[in-house]
Amino acid sequence: GLLEKGNVAGLHDSEFASKFVACASLTALWRFVESSMGLTLNTHVAQITFRAASDMMAIDSTTARLLELVTDVRYRRERGSMFSMFACRTPGGARLLRQSLLQPLATKGAIEERQVAVEVLLGREQLFYEIQRLLPAVGDVDLLAARLATEPKTHGQQWCKAAIRTAIRLRHALAALPLLAEALKAPGVEASALLQEAHNVFRHARFPALLEELDRVLDSDEPHSLESKGSLAHVVLMYAVRPSVCALLDIARQTWNDALEQIHALHRSYAVKYPELNIKLEFTERRGWYLSHTSQSAPPEFLRTEAKGTSGRHMSTSKELSSENFKLRQAEREILVQTVSVLGGLYTVLRAEAPLLYQVSHTASTLDLIQAFVGYTLLLGVYTRPVMSEEPSAPIAIKSARHPLMERILCQDEAASGFEPLDFYIGEGCHFQTVTGANGG
């Protein structure tokens, strides 16, 4: 029943019975996530994709570790692995790169599609650099779509903040898509099916309407970036919705502003009254606003004085500051509730487009993976496109082969003469080869 309600790509309803193990495993995982994380997954908007195991190469964990695909053998970190040699611009691209290293494609058509896309961008470096510049603005669309496809059983304060950030980040992503689509109109792009598909997805007719709907509710003049920390991050959330959209929201904001002004006034009065303490006003999520000062022997009106880590300074509050902090938190809670209430109708519209957003996420991640391959190829300077064969028994013949990790290590070693390319041939009659000679063989 769950799969019949969901949007399943790559599998027809009549095939569910023949793929019983895969379907049962997905359903069990789905129910586990719902019960353990306190979430309800909306089946009518979730995008489910079925892929046959034969479409990918299975690499066991021991082989992946010895080949140093995602971590190096010595320090168990990404820095010295194959994964670190490619620079992705989005979180989705990094996830797809990791998957491509651990589960490489095994179908000739899919591999050649990527090869053609890499060749097209290699011949158009200006387009490559433009894609590199625009991709970070897309962000993690996969995470945004996942939040739209789930509903928590309890709407706490942290969920309210996440819901507001999701709407803001989604607007940034949708605003970046037309720019990417325009860049992919460059001459010669039509030679690559992947790049042409990306162009078509990014210029989907629904995106301008969704962006207009988001702009109607969200404030376009955000005072600070979403990446801000501490108190500035709160300002972004407090003013996410435009003024005059909701009267109760405007009243709560005014109360929040009054309390914040009073806190700053208290700080100024303490700084004048106790100049020798070098008092600063600081903020943390747990404590709220507090006073930071140099001397441990604080005045009697300062409460809950304690050392501030190893900085040599101390943290304190006061009765008046605690009172204003309480008013501020009450106003903040009301602002979040009213903001989420305003965004409720917007979320209903966005949830219906979750499958389309999943498509954008996959396309943007694939484009990011392609540009990472191109970036590494340009950095290397010497490259060859492998010729693929449909025959399972076809041999592997490589001339002037180079090991990217070993070559990087030898290039950094002043005593070494560099990596020596080698040729090798593996046919049906070959089960084992020993490579000797240079490069530490």
Side-chain angles (χ1 to χ4, degrees), residues 3 6 8-12 15-30 32-33 46-74 76-78 80-86 88 91-118 142 194 358 361-363 365-370 372-373 376 385-398 401-406 424-435:
L3 291 174
V8 181
L11 196 64
H12 297 292
E15 296 179 289
F16 287 166
S18 61
K19 303 293 189 295
F20 173 76
V21 174
C23 295
S25 301
L26 174 63
T27 304
L29 176 61
W30 190 297
F32 172 77
V33 169
Q47 176 70 58
I48 304 166
T49 303
F50 175 84
R51 289 194 179 96
S54 58
D55 292 345
M56 298 177 183
M57 180 189 296
I59 299 180
D60 63 272
S61 58
T62 302
T63 302
R65 179 174 58 84
L66 295 176
L67 291 176
E68 300 183 297
L69 296 181
V70 293
T71 58
D72 67 338
V73 173
R74 180 176 295 181
R76 299 291 181 91
R77 60 187 182 185
E78 290 180 355
S81 67
M82 287 286 293
F83 182 83
S84 67
M85 306 193 75
F86 303 95
C88 290
R95 287 193 294 267
L96 184 58
L97 171 61
R98 186 183 182 88
Q99 178 186 327
S100 298
L101 290 172
L102 294 174
Q103 295 178 316
L105 293 176
T107 54
K108 180 173 180 286
I111 294 171
E112 289 182 338
E113 278 187 349
R114 289 184 179 181
Q115 289 178 334
V116 171
V118 169
D142 194 30
L194 276 180
Y358 279 120
S361 170
H362 176 71
T363 304
S365 298
T366 303
L367 183 62
D368 193 10
L369 180 70
I370 296 301
F373 290 161
Y376 172 73
R385 176 179 171 177
V387 178
M388 312 294 293
S389 172
E390 291 278 9
E391 291 295 326
S393 59
I396 299 176
I398 301 181
R402 314 171 78 90
H403 190 293
L405 292 177
M406 184 65 73
F424 65 87
Y425 178 92
I426 301 175
E428 255 193 324
C430 174
H431 299 283
F432 185 86
Q433 278 193 1
T434 302
V435 180

(request) Without swapping roles, check the side chain of Ser389 against the backbone of Glu391 for a donor-acceptor pair under 3.5 Å. (result) yes
(request) Taking all non-hydrogen atoms of both residues into account, name the closest pair between Leu405 and Gly80 and its distance. (result) CD2-O, 3.6 Å
(message) Could you measure the distance from the CG atom of Leu369 to the CZ atom of Arg98? Nearest 0.5 Å is fine.
(response) 14.0 Å
(request) Drop me the distance from Leu66's CG to Ser61's OG, to the nearest 0.5 angstrom. (result) 9.5 Å
(request) Identify the heavy atoms of Leu69 and Ile59 that sit nearest to each other, and give their distance. (result) CD1-CD1, 4.1 Å
(message) Rounded at 0.5 Å granularity, tell me how far CZ in Arg95 sits from OG in Ser361.
(response) 6.5 Å
(message) Is the shortest side-chain heavy-atom distance between Ser84 and Arg77 below 4.5 Å?
(response) no
(message) Working to the nearest 0.5 angstrom, can you tell me the gap between Met85 CE and Leu101 CG?
(response) 11.0 Å
(request) Given side-chain contact (heavy atoms from CB on, under 4.5 Å), test Asp55 with Gln103 step by step and report yes or no. (result) CA-CA 9 Å; Asp55 292 345; Gln103 295 178 316; over 6 Å; no
(message) For a quick test of reading the model, state the closest non-hydrogen atom pair linking Val73 to Arg65 and the distance between them.
(response) CG2-O, 3.3 Å
(message) Could you work out, with salt bridge (Lys or Arg N to Asp or Glu O under 4.0 Å) as the rule, every residue matching Asp72, not counting sequence neighbours?
(response) none
(request) Keeping the roles fixed (side chain from Thr71, backbone from Arg76), state whether a donor-acceptor pair exists under 3.5 Å. (result) no
(message) Can you tell me how the ring of Phe86 sits relative to the ring of Tyr376, calling it parallel under 30°, perpendicular over 60° and tilted otherwise?
(response) tilted
(request) Would you sort out whether Ile396 and Tyr425 count as a side-chain contact (heavy atoms from CB on, under 4.5 Å), showing the intermediate values? (result) CA-CA 6 Å; Ile396 299 176; Tyr425 178 92; over 6 Å; no
(request) Work out which heavy atom in Met388 is nearest to a heavy atom in Ile111; give both atom names and the distance. (result) CE-CD1, 3.8 Å
(request) Carefully, step by step, assess Arg74 and Glu68 under the rule side-chain contact (heavy atoms from CB on, under 4.5 Å). (result) CA-CA 10 Å; Arg74 180 176 295 181; Glu68 300 183 297; 6.0 Å; no
(message) Going by ring pair (Phe, Tyr, Trp, His ring centres under 6.0 Å), name the residues that satisfy it together with Phe83, two or more places apart in sequence or in a different chain.
(response) none
(message) Return the CE to CG distance between Met82 and Leu97, rounded to the nearest 0.5 Å.
(response) 9.0 Å
(request) Over all heavy atoms of both residues, which pair between Ser100 and Arg114 is shortest? Give the atoms and the distance, please. (result) OG-NH1, 3.4 Å
(request) Kindly give the heavy-atom pair with the smallest separation between Ala372 and Cys88, and that separation in Å. (result) CB-SG, 4.0 Å
(request) Would you check, one step at a time, whether the test side-chain contact (heavy atoms from CB on, under 4.5 Å) holds for Leu96 with Asp368? (result) CA-CA 9 Å; Leu96 184 58; Asp368 193 10; over 6 Å; no
